[in-house]
Amino acid sequence: MPSVLPINQNWSFTQVGGGEANADGEWIPVSQFPTSTHAELVKLKKIPDPFVGLHEWDVQWLGEAAWAFKTTFDVTEKELAEPHVDLVFEGLDTNAVVELNGHKLAETNNMFVSYRLPAKEHLKVGANDLLLSFPSSYLIGKELEAAHGKGALWNGDSSRLHVRTAQYRYGWDWGPVLLTTGPWKPVYLEAYNVRIDDLRVSTKVDESLAGVIDVTIALSSEVSATASVVLKDASGKALKTADISISKGKGSTSLEAKTGELELWWPVGYGKQVLYTVDVQVADEVGEERNFFSEAGGGKSLDSKAQKIGVRRLRIVQDPLEGEEGRSFLFEVNNVRIFCGGSNWIPADSFLTNISDDRYRAWLQLMVDGNQNMIRVWGGGIYEPDIFYDTCDELGLLVWQDSMFGCGQYPAYDDFLKRVETETEQNVKRLRHHPSLAIWAGNNEDYQIAESMKLELDYSDEDPKSDFRKTNFPARHIYERVLPSIIDKHSDIFYHRGSPYSGYGKPTNDSTYGDLHQWNVWHGSQEPWHNWDKLAGRFVSEFGMQGYPDIRTVDYWLYLMENFKHAFDIESYVYYTQVMQAETLSSAYRLWRRNWRGKGKEYTAGALVWQINDCWPVTSWAIVDYFLRPKPAYFSIKRELRPFTVGMTRKEVITYDPNHPNTRAHFTADYSLEIWGTNSTLEEKTVVLDVKTFDLTASDASKVLVYEMPHKEVKLAPNASTEVFKGSLVEFGQPLRTKQSEVPRTLIVSARLLDSDGTVLARYANWPEPFKFVHFPAPSELGFKIAVDGDSVTLSTDRPMKGIVLDVADGEEAKWSDQAIDLVPGDPQTVTAKGLNRREVKARYLGDGSA
């Protein structure tokens, strides 16, 4: 069996030639391994924390300096007795020279690949010296750019396009310029006779939900051997077995499962996340080959590997739709069509070696707790570590995986292509067995770059003989030739050329095909957020709105309060941006879930907010900040992704008097009111629709309730939205207007869906907008009450309230179950607050008089 020696001790590093980090020849012991220059120097306080103030700009020299890391490790006679001894580097960031005992083993140039280097001839029994020299990848990128040409891009320095490293570290509109260096993944020595070089476990499930598990093995040498394959359940019980006869280093077998014989893996909310283990043991073959492996004779174990898998059928469905142009773009799992509500993911830290397994789990658990079922690994970051995808498998989060190309006009010269080919093959092989992995996209917004720059991009050109490398959009060769061929050869993953990408000869902004990045609220045409319904796409894989983080996070990095005079209340500014973000994003989910109308009518099949997380403490589009503190938007989205929701629109309807042609003066102004419910379960649900109207500015509390619609029993269709009411707001107490000078009555319409026992399944209060024109009652007139009982906080009011955000009066934040709450009379709401510890609860809300 192979023996593995971790090389994770006695590491030290230096700035080559000396400089700001250390004197020439001085080596600094590392505090952890793997690691990076920035992470170490921050801990040693040799550089200021670049996450605070403007210190990011004080540490730019690190990215242009040369660095080295070294260690000494011991090797035994037994290890050197094996036929093969390799040094394995799971990740080097980024350009590096590897030297062992003074012998150069390799030069590396790709952060995203592992390097296996034969090392036996340069090893010795006892102490061995390993030196990793890291020239500046930034400066190398500038040299490559000078040699091969400068490409267009959004964000960062254009030289990044030539360097196979995490692109976000060159600076993004939400992230800093922090070009790290070092061995960022484990390093180890592996001694072996023969090892399993590649294990492919491919699960194929047909429409009847019967399955076949194909197992293919490739060994490191072209030898004969035998292998046993065992399929085990979570308890370790063997369910199926098979033997493989390996010839010339390769062999395969299949395990068949009848319908219902194995439990299926489901996305969260639709069933259990059942995982099985495929255990493979390889032994030498008895007979003439035995002496090659061992003097002891045949049957000796050579290597073993195990992979966790899920049995599921997954399709991306692009079918014509009823009543609308274009085609669907939806995910179907085990014959069930899934509305995907989720988030985009960026690297969770600028210093990747600081992200622990527990921190990954906490991030992904937040998504599940927020009723989300899909995460998109964005193409400007990294192929995430195994713990990320393992956790997605366990939690039932579908993964949309991008290749690591983001917002740029990438090159396609030969050396670059070789780096991309190796990177893609390695990561596809590493990730392909995960049941959570649903789709692989070729890039992030690179086709949009080509469109905006008017590059040579003819979407009708599907001729396989076309050489896109001869155009000024050469990376099309990568996205339409290199990536699909590798992914098709080594996996069963659905490949999508980019994100966004429409297909069918359409540009990326076509909302009727493929996926869409919808940024016409944040920028672009800057539409009001209640127009999200007009901005829908078949699958909206990016959209967003900025919001400040928790005030404690602001305090971490902001010097404003101490160093500058200012004319605004920072706490109020934080609050208003948070409520704006919460309202904007929840509105999108509410309106787009309405478009999920049943089979053949999946006009919008998913929405992934930009973004779930941050890589440093900052004001950004994230709905949870760097310290895992959820913003109010996290909770407003959580409500809109519950199994049952209720939504509503009110839209002004102007009717001009037909007796006065071309008139502007003679009209009536009404509001149309439409209410719908959604049901993500697979069963029809009977609910009671409860609708009330409240007058915000009524003269006293007894007159606040204007209208109460008789309870109406409605049936919510399974896995779809259902229209439950359409009418005029006049029915609810809003007078018709005949003059523009007549101010509409400030009516809040509350809709709830009640279960048969009266339990509130869903609620939504529709307010007139813009909020800046609403005259809110004085706080003393609200009758607002906060009742605390242990960790439970119950809110009640005599008048409608908007955007309630709770906090404790001092100290660390509590963990709230809900935020950005709308409250109406007669409908108290209870939230939980872990860590309250008897502290006073305070509340912010629109019209609270603080700003």
Side-chain angles (χ1 to χ4, degrees), residues 51-56 172-176 519 521-523 526 528-530 544-588 609-637 767 769-779 782 784 801-814 816 818-823 840-851:
F51 291 175
V52 174
L54 300 178
H55 291 321
E56 167 195 354
W172 228 262
D173 48 10
W174 39 258
W519 286 104
V521 170
W522 170 253
H523 56 71
Q526 294 189 318
W529 68 59
H530 54 254
M545 174 59 65
Q546 279 198 358
Y548 261 69
D550 187 287
I551 190 64
R552 298 167 182 82
T553 300
V554 175
D555 287 342
Y556 180 90
W557 52 261
L558 187 66
Y559 282 152
L560 179 68
M561 298 297 290
E562 297 177 5
N563 293 342
F564 295 93
K565 293 181 178 179
H566 49 85
F568 62 92
D569 167 15
I570 185 66
E571 286 83 2
S572 291
Y573 190 74
V574 167
Y575 167 75
Y576 285 115
T577 66
Q578 288 180 344
V579 171
M580 175 183 67
Q581 184 188 41
E583 288 291 316
T584 302
L585 300 182
S586 61
S587 175
V609 69
W610 184 271
Q611 63 221 57
I612 182 67
N613 62 327
D614 276 325
C615 65
W616 69 324
V618 71
T619 298
S620 78
W621 294 264
I623 61 173
V624 182
D625 74 30
Y626 173 80
F627 296 110
L628 286 97
R629 293 170 174 145
K631 299 178 187 179
Y634 167 85
F635 299 98
S636 66
I637 292 170
W767 284 63
E769 296 180 29
F771 300 135
K772 65 183 178 181
F773 295 136
V774 174
H775 294 285
F776 291 95
L782 292 172
F784 178 42
M801 297 176 65
K802 181 73 182 173
I804 300 172
V805 174
L806 302 171
D807 201 352
V808 289
D810 55 65
E812 284 297 308
E813 74 275 11
W816 302 94
D818 204 1
Q819 290 281 28
I821 298 163
D822 292 353
L823 199 62
E840 178 188 354
V841 175
K842 61 181 183 178
R844 292 297 309 263
Y845 49 89
L846 294 187
D848 61 10
S850 60

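What you see below is based on every heavy atom in this structure, not just the backbone, and it leaves out hydrogens, waters and symmetry mates. Small disclaimer: the values here were computed from a predicted structure and weren't measured.
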### Summary
Trp621 and Gly544 have their tightest heavy-atom pair at CD1-C, 3.9 Å
### Query
Considering only heavy atoms from C-beta outward, does the side chain of Pro528 approach that of Pro770 to under 4.5 Å?
no
### Task
For side-chain contact (heavy atoms from CB on, under 4.5 Å), just list the numbers for Tyr548 and Thr553, CA-CA rounded to whole Å, side-chain angles, deciding distance to a tenth of an Å, and then say yes or no.
CA-CA 9 Å; Tyr548 261 69; Thr553 300; over 6 Å; no
### Message
With side-chain contact (heavy atoms from CB on, under 4.5 Å) as the criterion, how do Tyr845 and Tyr575 come out once you've worked through the C-alpha distance, each side chain's angles and the decisive distance to 0.1 Å?
### Response
CA-CA 9 Å; Tyr845 49 89; Tyr575 167 75; 4.3 Å; yes
### Summary
Contacts of Ala820 meeting side-chain contact (heavy atoms from CB on, under 4.5 Å) (sequence neighbours excluded), chain-then-number -> Ala582, Pro632, Arg639
#### Entry: Ile804 CD1 to Asp822 CG distance, which is reported to the nearest 0.5 Å
7.5 Å
### Query
Rounded to the nearest 0.5 Å, what separation is found between the OG1 atom of Thr619 and the OH atom of Tyr573?
8.0 Å
### Asp625 side chain near Asp550 side chain, heavy-atom distance below 4.5 Å
yes
#### Entry: Closest non-hydrogen atom pair between Asp848 and Pro779, with its separation
O-CG, 3.5 Å
### Task
Taking all non-hydrogen atoms of both residues into account, name the closest pair between Val808 and Ala814 and its distance.
CG1-CB, 4.2 Å
#### Entry: Exercise: identify the closest heavy-atom pair between Trp616 and Gly175
NE1-CA, 3.6 Å
### Step-by-step side-chain contact (heavy atoms from CB on, under 4.5 Å) determination, Lys631 to Ser620
CA-CA 11 Å; Lys631 299 178 187 179; Ser620 78; 4.3 Å; yes
### Task
With the side chain counted from C-beta on, respond yes when Trp816 and Val841 share a heavy-atom pair under 4.5 Å apart, and no when they do not.
yes
### Message
Does any part of the side chain of Ser572, heavy atoms only, come nearer than 4.5 Å to the side chain of Arg844, both counted from C-beta?
### Response
yes
### Message
Could you tell me if the side chain of Cys615 sits less than 4.5 Å from the side chain of Trp174, heavy atoms only?
### Response
yes
### Task
Report the distance from atom NZ of Lys802 to atom CG of Leu823, rounding to the nearest 0.5 Å.
11.5 Å
### Message
So, taking the atom named CZ in Arg629 and the one named CD1 in Ile551, what distance separates them when rounded to the nearest 0.5 Å?
### Response
10.5 Å
## Note on the structure
Rounded to the nearest 0.5 angstrom, the CG-CG distance for Leu806 and Asp818 is 8.5 Å
#### Entry: Under 3.5 Å: donor-acceptor pair, side chain of Gln819, backbone of Ser636
no
### Query
Which is it for Thr577 and Gln546 under the side-chain contact (heavy atoms from CB on, under 4.5 Å) test, yes or no, and what are the steps along the way?
CA-CA 7 Å; Thr577 66; Gln546 279 198 358; over 6 Å; no
### Message
Can you tell me how the ring of Phe771 sits relative to the ring of Trp767, calling it parallel under 30°, perpendicular over 60° and tilted otherwise?
### Response
perpendicular
### Query
Once you round to the nearest 0.5 Å, how far does CZ of Arg552 lie from CD of Glu812?
6.5 Å
### Query
Are the aromatic ring centres of Tyr626 and Phe51 under 6.0 angstrom apart?
yes
### His775 atom NE2, neighbour heavy-atom count above 12 within 6.0 Å
no
#### Entry: All side-chain contact (heavy atoms from CB on, under 4.5 Å) counterparts of Ala778, not counting sequence neighbours
Ser780, Glu781
### Query
Residues two or more places apart in sequence or in another chain: which of them pass side-chain contact (heavy atoms from CB on, under 4.5 Å) with Met545?
Val521, Trp522, Met580, Gln581, Thr584, Leu585
